[in-house]
2 protein chains.
Amino acid sequence: MALIVQKYGGSSVADAERIFRVARRITDTYQAGNDVCVVLSAQGDTTDDLIAKAEEINPNASRREMDMLLSCGEQISIALMAMAIEKLGFPVVSLCGWQVGMTTDSNHSAARIKRVDCDRVREELDKKRIVLIAGFQGVNRHGDVTTLGRGGSDTTAVAMAVALQADLCQIYTDVDGVYTCDPRLVPEARKLSEITYSEMLELASLGAQVLHNRSVELAKSYNVPLEVLSSFTGNPGTIVKEVVNKVEKTYITGVAQDKKIARVALTGIADEPGMAYRVFGLLAKNKINVDMILQSYGRGESKDIVFTLAEKDVPACTKLLEENKQSLGYENLDVSTDVSKVSIVGAGMLGNAGVAAKMFEALYQAHINIRMISTSEIKISVLIDKDESERAVKAIHSRFFQ
Amino acid sequence: MALIVQKYGGSSVADAERIFRVARRITDTYQAGNDVCVVLSAQGDTTDDLIAKAEEINPNASRREMDMLLSCGEQISIALMAMAIEKLGFPVVSLCGWQVGMTTDSNHSAARIKRVDCDRVREELDKKRIVLIAGFQGVNRHGDVTTLGRGGSDTTAVAMAVALQADLCQIYTDVDGVYTCDPRLVPEARKLSEITYSEMLELASLGAQVLHNRSVELAKSYNVPLEVLSSFTGNPGTIVKEVVNKVEKTYITGVAQDKKIARVALTGIADEPGMAYRVFGLLAKNKINVDMILQSYGRGESKDIVFTLAEKDVPACTKLLEENKQSLGYENLDVSTDVSKVSIVGAGMLGNAGVAAKMFEALYQAHINIRMISTSEIKISVLIDKDESERAVKAIHSRFFQ
């Protein structure tokens, strides 16, 4: 007997038929003798409907009230799932974020979990009930409803798994595991049976979009094994854990692309100490995350700073930089959303200098121009033109995996 | 400056346009220098959609999970209204039942309020914020979401008014006050400027449906003045309070009908002590409320017990009585939903014997047969055939008010 936390996304609970399919998967796990705690996302259309209602009334609604509104989506999901499980004849109870002590900070719409007081959940599991928990939502110390931001239900699931010291945290999604590349783009992509937290983190943050990277970080910190699998097929998925038996023959785990990014260039910045701090300190203070950073060598009196960030942050970032043009002292601000980031990830590339060269060679042979390069111990990313993104992914994947 | 609690029903917040109309009414009250605390119901279609989703999955869902589901409706309303008020530029905060300490018993779907810890509301009012509260919902001592049952938002509003010691509790609805009769049925019906709690209670329980009677009971207990008025016109409504200046010339306040009732007859019951207790004790234990009760004189060995109850309780009541036929020892069970209750209400009828005679005379002249009669100090009700109900109301109203 094990304690298993499962998480099902919005598409898995989209209608009554899918809800029952998931309900049976949950009750099968329960009948096998496990304690089962399930985290659910909102039904996709529910969230869309709520957002549409809010937009109609006030497109600039406060984030506090948006959280109040959107958290209903998950509450509806858990109540409906509980009804389905009741119908199948199993004991079940649904609980919201505030009921399971999912305490967060007060950063509405992007709150971070501070503490989980899971007494209530334990109590219910002790009564042999299946426990359903509303994902994505929490409560701050003032008793206000918060939400964790995009993909937050994954984080809820891992946080519950950590708090309950669960044996396994299964993330059910609409793909049946982690692939070497997006299978819709590259049909030859292979499913990985195992992957390390670090590799998964890089893939998640690179736009592979299988798991929310905060959830992987959390799982890594507490060493909770994750499994990514499909709620439709029931096949074994991909296990994410600390150390992986490398039976793969290649050095890299996967190829990913992220097209929802933008490149910002500040040119003509004074070539003096502290300029990078001033730019990125300002952005950090305003909660704008940057990704790749490139600073040119100083050319005498001035230098350039180029960085990438999520496309959605462009308006806020542009406004901020324009408002502070004087104090930052740059000459020109140039923003382009016509870029894509393509990356390869793999713990196996560590200390293997040939990997980068192989990637650049694949791009060269496909006549794709590289705009920026960024590397970490287990990742190499390049910035290229957006319309060449798919071609780049295919070229790199076939170079490494064929 | 006063502290005013307002309540708006589902039709007042049905769409963006109506939400803004209500938002302006709220901010007008606030700008006039008042502290304003507003209780909202769910948008009508939201509740219908949620019920439809539940029905599709499990028509016999537990009441706990139904409460979890349906309470989202009010949460959506308060969040959207908060966004509208933000748009108008006023400080506002929305709060759910559990956030305002609306503590109830655990009788899911028909919970009763036990306590209101309104510290949070006071704190927000002190910050000069407009406070929006989700009606209809509460939380029990286990931390589970409960709902107060039909019309529960009125009760929420009065409970908040009591807890906050509000100067006035305004119930905005789709009618602009309390009338001597349903104006849709009798165009000559007059709007009352004032009515006593007791009269309002009788009218509410008799199917006039203007206010939930639990809310009136609560207002009466704590002597909180209520005002019933229209969210559309803004005209002065009807004040409900303890003592009313009787400037009306008639003895009665209003005429009401209730067609959603049924008559149950148990015939051939042993004429011995304790039979009524056994029948009604059994029903009470199963939370089935009965209304009018008529017991025939014992005819030698047996007697009949006839009573009325809400139409919706017929299946449960019939099942219960059939299961206990042996122990109750009756001969026949006869149930009819083809009945209507027509009543006149008025503190003025107390000690005026002619009122009943005048009502019966009106029915006689209209050739309407009376099946049962029930009286209280301020009310006379008769049970008649359902298809004669409207005719009876008109005949009685014109006899008293013309």
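To find a chain, count down the sequence lines: A is the first, B the second, and so on, and within it residues start at 1. Because the structure is a prediction, the values reported are computed rather than measured.
When heavy atoms are compared at a cutoff of 4.5 Å, A/V145 approaches chain B by way of both its backbone and its side chain. Contact of B/S77 with chain A is not made at all, since no heavy-atom distance falls under 4.5 Å. Heavy-atom distances place both the backbone and the side chain of B/V93 under 4.5 Å from chain A. For chain B, the nearby parts of A/M66 are the backbone and the side chain; heavy atoms of each come within less than 4.5 Å. Of the two parts of B/D144, the backbone and the side chain both hold a non-hydrogen atom closer than 4.5 Å to a non-hydrogen atom of chain A. Proximity to chain A is limited to the side chain of B/Q43, based on heavy atoms less than 4.5 angstrom apart. B/I19 touches chain A through its side chain: at least one heavy atom from C-beta onward sits under 4.5 Å away, while N, CA, C and O do not. For B/L95, the parts sitting under 4.5 Å from any heavy atom of chain A are the backbone and the side chain alike. Heavy atoms closer than 4.5 Å to chain A are found in both the backbone and the side chain of B/E86.
Interface check for chain B: of the options A/A79, A/C96, A/A82, the most heavy-atom pairs under 4.5 Å are formed by A/A79. Ranked by heavy-atom pairs under 4.5 Å with chain A, the first of B/E17, B/E123, B/E56, B/K87 is B/K87. Taking chain A as the reference chain and counting heavy-atom pairs below 4.5 Å, the highest number among B/S94, B/P59, B/S62, B/G143 is found for B/S94. Per-residue heavy-atom pair counts under 4.5 Å with chain B were compared for A/R120, A/H142, A/K53, and the maximum is reached by A/R120.
The shortest side-chain heavy-atom distance between B/Q6 and B/Y172 falls under the 4.5 Å cut-off. Contact of the B/I26 side chain with the B/M81 side chain is registered, since non-hydrogen atoms from C-beta on lie closer than 4.5 Å.
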Test side chain to side chain donor-acceptor pair (under 3.5 Å) on B/S215 and B/T155; report intermediate values, then the result. CA-CA 4 Å; B/S215 64; B/T155 308; 4.8 Å; no

Practice prompt. Could you please spell out the steps behind the side chain to side chain donor-acceptor pair (under 3.5 Å) verdict for A/S230 and A/D176?
Written response: CA-CA 4 Å; A/S230 160; A/D176 62 352; over 6 Å; no

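A/T147 contributes atom OG1, which lies 3.5 Å from atom CG of A/D67 (distance to the nearest 0.5 angstrom). Atom CD1 of B/I57 is separated from atom CD of B/E65 by 11.5 Å, given to the nearest 0.5 angstrom.
Checking B/S153 against B/S41 by side-chain atom types alone, a donor-acceptor pair falls below 3.5 Å.
Counted within 6.0 Å of NZ on B/K127, heavy atoms from surrounding residues, nucleotides or ligands total more than 12; the atom is thus considered enclosed.
Across all their heavy atoms, B/A157 and B/V5 have their closest contact at O-CG1, 3.6 Å.
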